[in-house]
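Notes follow once the structure below has been shown.
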Amino acid sequence: MTPAKRKITVLPGDGIGPEVVDSALAIISATGVAVEFEKYEAGARAFQKGIVTGIPREAIQSIERSHVVLKGPLETPIGHGNRSANVTLRTLFETYGNIRPVRELPGVQTAFTGRQLDIVIVRENIEDLYAGIEYMQTPGVAESLKLISREGCEKIVKLAFAFAIAEGRKAVHCATKSNILKLTEGLLQHTFEELAPQYPSITSKHILIDNAAHQLAMRPEQFDVIVTTNMNGDILSDLTSGLTGGLGFAPSANIGNDVSIFEAVHGSAPDIAGKNKANPTALILSAAMMLRHIGEGKAANDVEQAVLVTLESGIRTSDMMGKVKAAGTTEFTQAVISNLGKASKLSPPKKYAEVELPPSQLGVNVVRAGARKVTGLDVYIESDLEPKALASDLETITSSSSLKLEMISNRGAMVFPSSDRKVSLVDHYRCRFVQRDTTTKLADPEILSLLGTIGGKHRWMHIEKLQEFDGQPAYSKSQV
Ligand code: NAP
């Protein structure tokens, strides 16, 4: 009996998507692997048909069966849907890790040519500011919640080390902004430093994200794998794409517990869509990552080698043409197909092993504290009063409360009780109240009573409890 073919869901997407996806599919088929493609429309055309997510139900059902997606770029047309179809896919299938490898490619001239760059960004893919939880707190002040979980940090750190081991890499850097964002970015740093000793064969080092950007521009060859939070990874991975030839060459894998999605980093490039001009390399290399993911390591190596041989032979798409006559998407594809089975002169196939993905944890993941207590409350107040006048009024109206005003800050800078510094103010204050008697337990009725008192005179729009976990403050101090 002929073995069943492995199903792959294909979303050609928008703009140049169908052209580059067709190129990758033709090359996969030419390798002879036993796969079957299930193609679905998604993105702009789906939105136009009134599918609010941009992803038709049949496509979602296909992904649930296949667990693997090869996709082109998806556009989110303005006025047809609020949420990006890409973000919907990532969240629906919880593809928590985005792996973006870049390397020096033959004939792709950059400022770093000859330095053999080979860097992988492992980006957390679903948390951070990209959860997109935003509010206008006042008509003039916007807020975005940066949520980082211990669970999310563990998964991305384990994925980065597992990927480094599978690829025989030497070092993992963790890039964060933990010097400023001590609790959120700091959580990734601490998780990384706690887990790194479990991988003694890999050198591990924390680096601040701004220094990482500087070092990538100055001495990028020092980096191997970099693990980072969602927004930092978004920016850093475009930077590394730029170091090695641009978006046309940057593949990616979105790894989840159950479903993984493979796509180029670039978008739909509508300016060159339908003109047979798009460079399909990024999507072809994404397809090679997919083949490796489904256990077709030889086919993956064959595809990568054929791309290298094609570039070595001087065949160029228009984005990298220089003075040479450019090949169209289809000619480039044909050249790669004809080079399947040939070995690159410059870069032999790498030895890859299967990536041991961190086990998935179902249910609610809980981090417990031995001891915890609430010690106060930050109340966010919209007011056009000067800080001293606001403080005086709050002190008066809360004089009989069990909580007392400790400080007021404006955009993070303390403006009360310290008033020496001149800061430009907006009508958005954080007013910190703490217990008068720290030996007693602060309970919700006292907090609600305080809010009632304040709300009788001032417009408050947001509160945060001040908590201590195991004796440690679980909130940031204000800048003095
Ligand atoms: P883009 O589509 O990546 O294109 C930017 C420019 O890069 C293009 O105009 C083109 O420049 C060049 N380019 C990109 N890919 C190329 C390729 N394969 N071959 C040759 N040149 C290539 O970025 P964008 O214009 O910001 O975004 C366009 C749409 O794509 C937006 O709707 C966006 O939301 C969507 N998008 C989707 C994804 C995704 O699905 N994952 C990712 C990013 C953007 P030239 O001017 O040199 O031709």
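Ligands are counted one by one from 1 in listed order, and the atoms in each one are counted from 1 as well. If you're wondering where the values come from, they're calculated on a predicted model, not measured in any experiment. Computed over heavy atoms, backbone and side chain alike; hydrogens, waters and symmetry mates excluded.
- Taking the charged nitrogens against the carboxylate oxygens, Glu194 and Arg150 do have a contact shorter than 4.0 Å, which makes a salt bridge.
- Protein heavy atom nearest atom 20 (C) of ligand 1, with residue, atom name and distance: Ile272 CD1, 3.5 Å.
- Classification of the Phe262-His293 ring pair by plane angle, with boundaries at 30° and 60°, yields tilted.
- Note: an N/O pair closer than 3.5 Å links Ala269 and ligand 1 by distance alone.
- Taking a 4.0 Å cut-off on heavy atoms, Thr281 fails to register as neighbouring ligand 1.
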Start with the C-alpha gap between Glu127 and Lys146, add the side-chain angles, then the distance that decides, and say whether salt bridge (Lys or Arg N to Asp or Glu O under 4.0 Å) holds. CA-CA 8 Å; Glu127 298 193 338; Lys146 181 176 168 84; over 6 Å; no

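- The residues Glu124 and Lys155 are annotated as not salt-bridged, no charged nitrogen and carboxylate oxygen being separated by less than 4.0 angstrom.
- Between Glu75 and ligand 1, no pair of N/O atoms sits closer than 3.5 Å.
- Under the 4.0 Å distance rule, the nearest protein heavy atom to atom 43 (C) of ligand 1 falls inside the cut-off.
- Comment: Lys39 engages Asp22 in a salt bridge, judged by a side-chain N to carboxylate O separation of less than 4.0 angstrom.
- The N/O atoms of Asn279, backbone and side chain alike, include one that comes under 3.5 Å of an N/O atom in ligand 1.
- Taking any N or O of Lys277, backbone or side chain, none lies under 3.5 Å from an N or O belonging to ligand 1.
- No N or O atom of Arg90 sits closer than 3.5 Å to an N or O atom of ligand 1.
- Polar contact with ligand 1: present for Leu74 (N/O pair, distance under 3.5 Å).
- For Glu304 and Arg292, the salt-bridge test passes: some basic side-chain N is under 4.0 Å from an acidic carboxylate O.
- Checked for salt-bridge contact, Arg169 and Asp118 meet the test: a charged N lies under 4.0 Å from a carboxylate O.
- For atom 25 (O) of ligand 1, the closest heavy atom belonging to the protein is Pro270 CD, 4.6 Å.
- Using a 4.0 Å heavy-atom cutoff, Asn86 is listed among the residues neighbouring ligand 1.
- Proximity of Ala278 to ligand 1 is established by a heavy-atom distance of less than 4.0 Å.
- For atom 32 (O) of ligand 1, the protein comes within 4.0 Å by at least one heavy atom.
- There is a protein heavy atom closer than 4.0 angstrom to atom 29 (C) of ligand 1.
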